[in-house]
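One structure is given below, encoded as structure tokens.
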Amino acid sequence: ALAWRPADLFAMGPQLSFLAAGMLIACDLRFARRAPEDPLDRLLLECRPWWQRAIRELGLRLGEAVGLSLIVYLATLPLVLWNYHIVSPAAVPLTVLLGVPSTFALAAGFGVLFFASWFPWASSACGWLASGALHAMDAIVATVHE
């Protein structure tokens with residue numbers, strides 16, 4: 001697409017997209033979690049009940065998601081301020097909240113495309129799931145907007 005319209009590189013959408021993607025790539029190594037190096041710490045972690053490990057993992061992943069969202073928000077904030085004159089700190093938690101339904105909507109949308117020719121009933125089911133995920137996203141944004 002860029003070969004057809006090279007001027008699009010200077011539009012706001014691609015600039016924000018490339019900046020956000022660049023920040024995520026740059027932060028990937030910093031946020032990479034490693035198992036504890038001390039064998040005793042590793043053993044203590046493995047000996048905990050599954051539900052404690054699951055809660056710990058969920059907390060770590062949520063913290064990582066909020067941290068990455070904040071980093072991308074702060075990196076793109078000057079560009080957004082310059083062009084749109086808007087500061088929206090709600091974008092940080094919204095990014096995390098909208099991650100799950102947007103993932104479902106994207107996967108279901110691909111399901112619609114994949115099944116459309118051979119299994120129309122499966123394509124309809126995927127369309128229904130995508131619609132539900134998009135409605136959930138709309139409801140989340142409307143709730144935060146109020």
Side-chain angles (χ1 to χ4, degrees), residues 1-116 122-123 125-146:
L2 195 56
W4 294 105
R5 295 170 49 181
D8 282 353
L9 184 61
F10 301 103
M12 181 57 41
Q15 286 182 358
L16 286 172
S17 178
F18 284 121
L19 181 58
M23 289 306 298
L24 289 173
I25 291 169
C27 291
D28 185 39
L29 295 176
R30 295 173 201 251
F31 278 100
R33 284 183 280 132
R34 294 171 188 85
E37 291 183 18
D38 184 15
L40 185 57
D41 288 338
R42 207 171 30 239
L43 180 64
L44 286 173
L45 184 62
E46 292 171 2
C47 288
R48 290 186 178 164
W50 68 268
W51 58 271
Q52 283 183 355
R53 290 192 310 259
I55 290 173
R56 181 180 183 276
E57 184 69 23
L58 179 65
L60 288 173
R61 290 194 183 268
L62 280 175
E64 183 180 274
V66 170
L68 287 172
S69 177
L70 180 63
I71 288 169
V72 169
Y73 174 77
L74 292 174
T76 57
L77 184 62
L79 200 55
V80 171
L81 272 174
W82 178 262
N83 287 285
Y84 300 114
H85 313 291
I86 294 173
V87 175
S88 179
V92 175
L94 262 179
T95 300
V96 176
L97 285 174
L98 295 175
V100 173
S102 65
T103 301
F104 278 110
L106 184 64
F110 281 127
V112 168
L113 293 173
F114 183 75
F115 293 121
S123 180
C126 288
W128 180 80
L129 287 172
S131 176
L134 292 172
H135 283 298
M137 290 172 64
D138 191 40
I140 292 170
V141 171
T143 302
V144 171
H145 184 265
E146 293 175 1

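A pairwise comparison of heavy atoms in Val92 and Val66 identifies CG1-O, 4.1 Å as the closest pair. Pro6 approaches Ala3 most closely through the heavy-atom pair CD-O, 4.0 Å. Listed here is the closest heavy atom pair of Ala91 and Ser69: O-OG, 4.0 Å. Closest approach of Pro14 to Ala11, counting heavy atoms only: CD-O, 3.4 Å. Closest approach of Gly127 to Val112, counting heavy atoms only: N-CG2, 3.3 Å. Nearest heavy-atom pair, Gln15 versus Leu9, reported as atom, atom and distance to 0.1 Å: CG-O, 3.6 Å.
In terms of modelled atom types and a separation under 3.5 Å, the side chain of Thr103 and the main chain of Gly99 share a donor-acceptor contact. Remark: side-chain polar atoms of Thr76 are paired, donor with acceptor, to backbone N or O of Val72 under 3.5 angstrom.
Take Ile140 and apply the side chain to side chain contact (heavy atoms under 4.5 Å, CB included) test, not counting sequence neighbours, and it matches Leu94, Leu97, Leu98, Pro101. Not counting sequence neighbours, the partners of Arg53 by the side chain to side chain contact (heavy atoms under 4.5 Å, CB included) test are Arg48, Trp50. For Ala107, the side chain to side chain contact (heavy atoms under 4.5 Å, CB included) criterion is met by no residue, not counting sequence neighbours. Shown here are the side chain to side chain contact (heavy atoms under 4.5 Å, CB included) partners of Val100, two or more places apart in sequence or in another chain: Phe104.
Distance CD1/Ile55 to CD/Glu57: 12.0 Å, rounded to 0.5 Å. The distance from atom CG of Leu40 to atom CG of Leu45, rounded to the nearest 0.5 Å, is 11.5 Å. In this structure, SG on Cys27 lies 10.0 Å from CD on Glu64, to the nearest 0.5 angstrom. Distance check, rounded to the nearest 0.5 Å: CZ of Phe18 to CD1 of Ile25 gives 10.0 Å.
Put simply, the side chain of Pro89 reaches to within 4.5 Å of the side chain of Tyr73, judged on heavy atoms.
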Donor-acceptor pairs are to be reported for all side-chain atoms of residues 128-138 against protein atoms at under 3.5 Å, with residues two or more places apart or in another chain.
unit_1, atom_1, unit_2, atom_2, d
Ser131, OG, His135, NE2, 3.4

